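Everything on this sheet refers to the single structure shown next.
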Amino acid sequence: MKRTFYTEMAYIIGIVTLAFGTALMERADFGMSMVVAPAYLIYLKISDYLNWFSFGMAEYCFQAFLIIVLVIILRGFKRKYLFSFITAFIYGNVLDVMMRAVALVSANGIIPRVAFYVIGLVVCAVGVSLLFHTYISPEAYELFVKEISSRFCFDINKTKTIYDCCSCIIAVIMSFLFMGFLHFEGVKAGTILCAAINGWVIGQCSRLFEKYFDFKDAFDFRKYFE
């Protein structure tokens, strides 16, 4: 018999685990995922001049820009776009807390860094899987893909692949512009590995959750996020 997993709890746990996993991957320094790499590069550049500017701030600022681009493309604003930014804002603040916490743990040597990367990748996949099982508006990254594929009747998996490739290209260009050709940041070997297996890991997490849990709403709030 499956146990009940409330979608609202999946949202909360999903944000926390995604932020924790991202902080671990940043600490490993093998490269961020393609999705967050542009925001990470913005953080690295601006924090050189404003030491109070955090990775979390870069995340919700970049996602706000992404939502504006989405509104321009679709020529319309929906209520769930606002909730998506709220999700990004919450996630950004949780990410900053996790970054400070993870920074307290030593990551000297290749073995600790590999451990941080592997654990971070899996934990991120768990977080994304949980967020896929909630009705509350996701971050702008997922929202952008869903809205574009729905509006233009594109296959969502192909749209996601194209978005990831574009994000990777943008991150590479930003790294060259911000850091120069001799100091490459953001997109590294870990980014390529994440791109290759992340979808499969997320799928495995989702199948495991669905095997043991029934996702149900605890509150009748779904209509407010449509």
Side-chain angles (χ1 to χ4, degrees), residues 10-48 51-63 87-132 138-139 141-142 164 167-168 170-172 174-175 178-179 182-209:
Y11 174 80
I12 295 171
I13 298 176
I15 287 179
V16 173
T17 53
L18 183 58
F20 181 53
T22 301
L24 287 174
M25 292 183 71
E26 193 278 337
R27 186 76 168 135
D29 195 28
F30 285 128
M32 307 301 295
S33 74
M34 291 183 296
V35 173
V36 304
Y40 182 64
L41 286 161
I42 292 172
Y43 154 66
L44 291 179
K45 185 63 176 180
I46 296 180
S47 62
D48 282 342
N51 57 14
W52 50 264
F53 189 81
S54 67
F55 188 10
M57 291 178 182
E59 274 282 16
Y60 57 73
C61 287
F62 181 74
Q63 291 191 50
T87 295
F89 182 78
I90 295 171
Y91 166 76
N93 283 278
V94 175
L95 175 59
D96 286 340
V97 173
M98 293 299 178
M99 290 278 287
R100 289 191 289 269
V102 171
L104 299 175
V105 183
S106 175
N108 296 324
I110 189 66
I111 295 178
R113 289 176 61 203
V114 170
F116 274 36
Y117 176 83
V118 172
I119 296 171
L121 190 150
V122 173
V123 171
C124 280
V126 169
V128 172
S129 176
L130 287 172
L131 289 173
F132 281 164
E139 291 185 279
Y141 304 124
E142 290 81 15
D164 286 348
S167 182
C168 184
I170 290 170
V172 170
M174 289 173 64
S175 183
F178 292 171
M179 309 299 174
L182 300 179
H183 186 64
F184 205 63
E185 288 292 344
V187 181
K188 299 181 180 180
T191 305
I192 306 303
L193 177 60
C194 183
I197 69 172
N198 195 45
W200 179 82
V201 178
I202 292 172
Q204 294 301 309
C205 291
S206 293
R207 279 187 281 273
L208 189 62
F209 279 128

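What you see below is based on every heavy atom in this structure, not just the backbone, and it leaves out hydrogens, waters and symmetry mates. The shown structure was predicted, so the numbers you read here are calculated from the model rather than taken from an experiment.
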Original post:
Going through the distances and angles, do Y117 and L193 end up as a side chain to side chain contact (heavy atoms under 4.5 Å, CB included)?
Top reply: CA-CA 11 Å; Y117 176 83; L193 177 60; 3.7 Å; yes

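- For the 3.5 Å distance criterion, the side chains of E139 and Y91 fail to qualify, holding no donor opposite an acceptor.
- The shortest heavy-atom contact between S106 and P112 is O-CB, 4.4 Å.
- When every heavy atom of V94 is checked against every heavy atom of A19, the shortest pair comes out as CG1-CB, 3.7 Å.
- In terms of modelled atom types and a separation under 3.5 Å, the side chain of R27 and the main chain of F116 share no donor-acceptor contact.
- Contact of the E142 side chain with the F132 side chain is registered, since non-hydrogen atoms from C-beta on lie closer than 4.5 Å.
- V102 is not listed as a side-chain neighbour of M99, based on a closest heavy-atom distance of 4.5 Å or more.
- Remark: the backbone N or O of Y43 is paired with a side-chain donor or acceptor of S47 at under 3.5 angstrom.
- Atom CH2 of residue W52 and atom CD1 of residue I46 lie 8.5 Å apart, to the nearest 0.5 angstrom.
- Checked against salt bridge (charged side-chain N to carboxylate O under 4.0 Å, His left out), D164 has the following partners two or more places apart in sequence or in another chain: K160.
- Taking 4.5 Å as the limit, some side-chain heavy atom of V36 sits within range of a side-chain heavy atom of S33.
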**OP:** Take L44 and F178, measure what side chain to side chain contact (heavy atoms under 4.5 Å, CB included) needs, and give me the verdict at the end.
**Re:** CA-CA 9 Å; L44 291 179; F178 292 171; over 6 Å; no

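- Taking CE of M98 as the start and CD1 of I15 as the end, the distance is 11.0 Å to the nearest 0.5 Å.
- Side-chain atoms of N198 and V128, non-hydrogen and from C-beta on, never get closer than 4.5 Å to each other.
- Smallest separation of non-hydrogen atoms from S129 and C205: OG-C, 3.7 Å.
- The closest side-chain heavy-atom distance from F62 to Y141 is below 4.5 Å.
- Between K188 and F30 the shortest side-chain heavy-atom distance does not fall below 4.5 Å.
- In this structure a side-chain-to-backbone donor-acceptor pair under 3.5 Å is missing from R207 to I202.
- Every residue two or more places apart in sequence or in another chain that forms a side chain to side chain contact (heavy atoms under 4.5 Å, CB included) with A37 is listed here: A171, V187.
- More than 12 heavy atoms of other shown residues, nucleotides or ligands fall within 6.0 angstrom of atom CD1 in I110.
- Scanning both residues, T17 and V126, for their nearest heavy atoms gives OG1-C, 4.4 Å.
- For the residue pair G56 and D96, the shortest heavy atom distance occurs at N-OD1, 2.8 Å.
- With values rounded to the nearest 0.5 angstrom, L24 atom CG is found 13.5 Å from R113 atom CZ.
- Atom CZ in F20 sits 14.5 Å away from atom CD1 in I13 (nearest 0.5 Å).
- To the nearest 0.5 Å, atom CD1 of residue I170 and atom CG of residue L41 are 11.0 Å apart.
- By the 4.5 Å heavy-atom criterion applied to side chains, F55 and L95 are counted as neighbours.
- In this structure A88 satisfies the side chain to side chain contact (heavy atoms under 4.5 Å, CB included) test together with Y60, Q63, sequence neighbours excluded.
- Side-chain contact check for I42 versus C61: every heavy-atom pair is 4.5 Å or farther apart.
- Here the straight-line distance linking atom OG1 of T22 with atom CE of M32 works out to 5.5 Å at 0.5 Å rounding.
- The shortest heavy-atom contact between M34 and S167 is O-OG, 2.5 Å.
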